[in-house]
Enquirer: 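Take this structure, written in structure tokens, and hold onto it; I'll ask about it next.
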Amino acid sequence: MDIHEYQAKELLAGYGIPVPVGGLAYSPEQASYRAREIGGDRWVVKAQIHSGGRGEAGGVRICSSETEIQEAASDMLGRRLVTRQTDSRGKLVGRLYVEEATDIAQELYLGIVLDRASERIMLVASSAGGMEIEEIAVEEPDSLLRISIDPAAGLLEYQARELAFGLGLDSRLVNKLVKILMASYRAFRDLDATMVEINPLVVTGSDDLVALDAKMSFDDNALFRRPQISELRDRSQEDPRESAAADRGLAYVGLEGDIGCMINGAGLAMATMDMIKLAGGAPANFLDIGGGASPERVLKAFRVVLGDANVKVMLVNIFAGINRCDWVAEGVVQAFQKLDVQMPVIVRLSGTNVDEGRRIIAQSGLPIITAETLAEAAEKAVAARPTAEKAA
Ligand code: GDP
Ligand code: MN
């Protein structure tokens, strides 16, 4: 789960990390009220969306009067902001964060991530802050410093100090950075985060360190024990198809094609998406119904996929081990009875109870297209798309 910048800043400030003074606003009036509350004569109005790259997309505006703040706020609020990290639809700006402007002398990059290859938490830092980490890796690879953290010992002060010196900071700032690194790591561990990113962490004109931007993601599987984090969820930032599926316990990823997929097992789902592509089509989603799926679960999955207006064809591909083809077949038949299925449905069943499953489909009298193999199923799904779509 992702959270907003202002929420991440509040959490990190709780661990002692310095952040600019700021306040949340839902309207232009509130935004200028916040500025008055903060005081000073320069402010930053920042769109709160679950994405970086807001600066270059017009989602971060420096203002020096209340009129400018109100203008910036009414430009942003209620609009969808498209950044290079969002899809082409962008994300809805429903909240703004107004901050005192910071005088920047230098921008640093600081990230804490899970490195799955080494099975460790990794601290990453660079003196080329402001840029995205992918760009730093390409354009300034030598500036990237990494520390792999031993899970038993945690981040050690000498490691943090080495990193601080490695960034070329003068000795006055080294201790401050060490505190920030230690605190970020503590926040990461305490809150079951999967990512903490402070980009930029800035050296100010008065030689202080301030987290100017902050991003945090959390382990979904640990949210049950982090109620104060779960509360921060903002559904307006999520793909509605994905949140509907998550609420039903289904692993779902929305994509941009028109062939709806319902598959068991992540590996088979990936293979099926490849086969659809090979046959000249494009999947509308990734959906793993998991093992031992009951007819009710299959029905739920159908409802989620059909809820996507892009879907023009439905492909069910089951290689049953723990699953039972007869249950899946029953679920498909129930979907036809209970939902308004107006599109071609291709079903390929294989494995446990396959004969019973095929019998249920055959005897249902429903216009279900069946296939024996994965390749055949993918080809039939692509061929079954409405002709106008095929031309497009
Ligand atoms: P992002 O584009 O979504 O990552 O948003 P950031 O919060 O990182 O802001 C993007 C850029 O805007 C930063 O890298 C800064 O260069 C600039 N910026 C943000 N806040 C301030 C500020 O208070 N003062 C100044 N001078 N620049 C700022
Ligand atoms: Mn940033």
Side-chain angles (χ1 to χ4, degrees), residues 2-13 17-25 31 34-35 37-65 68-69 72-73 75-77 79-87 90-113 124-137 139-140 143-144 167 180 184 193 195-217 234 237:
D2 297 333
I3 61 172
H4 287 295
E5 172 197 7
Y6 78 93
Q7 296 166 328
K9 280 178 166 165
E10 197 172 307
L11 290 171
L12 294 175
I17 294 175
V19 297
V21 182
L24 197 62
R34 286 299 186 201
E37 216 175 34
I38 294 164
D41 54 12
R42 274 175 84 234
W43 305 271
V44 189
V45 178
K46 307 183 79 173
Q48 296 300 291
I49 56 168
H50 287 182
S51 167
R54 295 165 301 167
E56 58 188 15
V60 176
R61 298 252 292 261
I62 298 184
C63 304
S64 31
S65 69
E68 276 180 39
I69 289 176
D75 279 355
M76 289 186 216
L77 279 168
R79 288 254 296 271
R80 301 190 70 92
L81 192 62
V82 178
T83 75
R84 61 165 126 169
Q85 290 180 9
T86 67
D87 60 21
K91 299 226 167 177
L92 182 70
V93 184
R95 313 171 192 189
L96 299 174
Y97 196 50
V98 182
E99 281 184 333
E100 59 176 349
T102 303
D103 174 21
I104 302 177
Q106 194 193 347
E107 296 188 300
L108 307 171
Y109 174 93
L110 176 62
I112 306 182
V113 290
V124 186
S126 164
S127 49
M131 285 196 266
E132 301 301 322
I133 184 69
E134 294 82 5
E135 288 171 53
I136 300 174
E139 287 170 28
E140 307 268 344
S143 77
L144 263 185
L167 288 173
I180 291 174
S184 309
M195 194 258 299
V196 173
E197 191 181 72
I198 302 179
N199 186 29
L201 173 68
V202 304
V203 180
T204 66
S206 45
D207 233 16
D208 262 318
L209 289 175
V210 177
L212 210 60
D213 187 13
K215 209 166 160 183
M216 289 180 84
S217 302
D234 179 358
Q237 300 296 306

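Just so you know, ligand 1 is whichever comes first in the structure, and atom 1 is the first atom listed for that ligand.
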Enquirer: Enumerate the protein N/O/S atoms at a distance below 2.8 Å from the Mn ion (ligand 2), ignoring waters.
Expert: Asn199 O, Asp213 OD2

Enquirer: Quick one: look up the protein heavy atom nearest atom 26 (N) of ligand 1 and list residue, atom name and how far away it is.
Expert: Thr102 O, 3.4 Å

Enquirer: Suppose I only count heavy atoms of Pro200 and a 4.0 Å limit; which atoms of ligand 1 are within that range?
Expert: 8 (O), 14 (O)

Enquirer: State, to 0.1 Å, how close Glu107 and Pro200 come at their nearest heavy-atom pair, and which atoms those are.
Expert: OE2-CG, 3.2 Å

Enquirer: Between Arg84 and Glu135, is the closest basic N to carboxylate O distance under 4.0 Å?
Expert: yes

Enquirer: Could you list which atoms of ligand 1 come closer than 4.0 Å to a heavy atom of Gly52?
Expert: 3 (O)

Enquirer: Under 3.5 Å, side chain of Lys46 to main-chain N/O of Tyr97, donor-acceptor pair present?
Expert: no

Enquirer: Does a donor on one side chain and an acceptor on the other come within less than 3.5 Å for Ser143 and Ser126?
Expert: yes

Enquirer: What I'd like to find out is whether the side chain of Asp2 reaches to under 4.5 Å of the side chain of Gln237, using heavy atoms alone.
Expert: no

Enquirer: With atoms numbered from 1 as shown, which atoms in ligand 1 lie under 4.0 angstrom from a non-hydrogen atom of Ala101?
Expert: 23 (O)

Enquirer: Using a strict cut-off of 4.0 Å, indicate which atoms of ligand 1 neighbour a heavy atom of Asn199.
Expert: 8 (O)

Enquirer: Please assess Leu209 against Val203 for the test side chain to side chain contact (heavy atoms under 4.5 Å, CB included), listing each intermediate value before the final yes or no.
Expert: CA-CA 5 Å; Leu209 289 175; Val203 180; 3.7 Å; yes

Enquirer: Among all protein non-hydrogen atoms, which one is nearest to atom 5 (O) of ligand 1, and what is the separation to 0.1 Å?
Expert: Arg54 NH2, 3.2 Å

Enquirer: Under a 3.5 Å distance rule, please check whether Arg34 uses its side chain to pair with a backbone N or O of Leu24 as donor and acceptor.
Expert: yes

Enquirer: Among all protein non-hydrogen atoms, which one is nearest to atom 27 (N) of ligand 1, and what is the separation to 0.1 Å?
Expert: Ile104 CD1, 3.3 Å

Enquirer: Got a sec: does the CD of Glu100 have more than 12 other heavy atoms crowding it under 6.0 Å?
Expert: yes

Enquirer: Does any N or O atom in Ile62 lie less than 3.5 angstrom from one in ligand 1, N or O only?
Expert: no

Enquirer: At what distance is the nearest protein heavy atom to atom 4 (O) of ligand 1, and which residue and atom is it?
Expert: Asp213 OD2, 3.1 Å

Enquirer: Please determine which of Glu99, Gln48, Arg95 meets the side-chain hydrogen bond (donor to acceptor under 3.5 Å, both in side chains) test together with Tyr6.
Expert: Arg95

Enquirer: Below 4.5 Å, heavy atoms only, C-beta onward: do Ile198 and Leu12 meet side chain to side chain?
Expert: yes

Enquirer: So, regarding Arg42 and ligand 1 (criterion: nitrogen or oxygen to nitrogen or oxygen, under 3.5 Å), is there a contact or not?
Expert: no

Enquirer: Counting only heavy atoms on the protein side, is anything nearer than 4.0 Å to atom 17 (C) of ligand 1?
Expert: no

Enquirer: Check the side chains of Asp103 and Thr204 for a donor-acceptor pair under 3.5 angstrom, ignoring hydrogens and angles.
Expert: no

Enquirer: Are any of the side-chain heavy atoms of Arg54 and Leu81 separated by less than 4.5 Å?
Expert: yes

Enquirer: Scan side-chain atoms only and decide if Glu132 and Tyr109 contain a donor-acceptor pair under the 3.5 Å cut-off.
Expert: no

Enquirer: Among all protein heavy atoms in this structure, tell me which lies nearest to atom 13 (C) of ligand 1, with the distance rounded to 0.1 Å.
Expert: Glu107 OE2, 3.5 Å

Enquirer: For Lys46 and ligand 1, answer yes if some heavy atom of the residue is under 4.0 Å from a ligand atom, otherwise no.
Expert: yes

Enquirer: For atom 10 (C) of ligand 1, find the nearest protein heavy atom and state the residue, atom name and distance (0.1 Å precision).
Expert: Gly55 CA, 4.2 Å

Enquirer: Can you report which non-hydrogen protein atom sits closest to atom 20 (N) of ligand 1, along with the distance?
Expert: Leu212 CD2, 3.5 Å

Enquirer: Who's the nearest protein heavy-atom neighbour of atom 12 (O) of ligand 1, and how far?
Expert: Val60 CG1, 4.0 Å

Enquirer: Is a side-chain donor-acceptor pair under 3.5 Å present for Thr86 with Ser51?
Expert: no

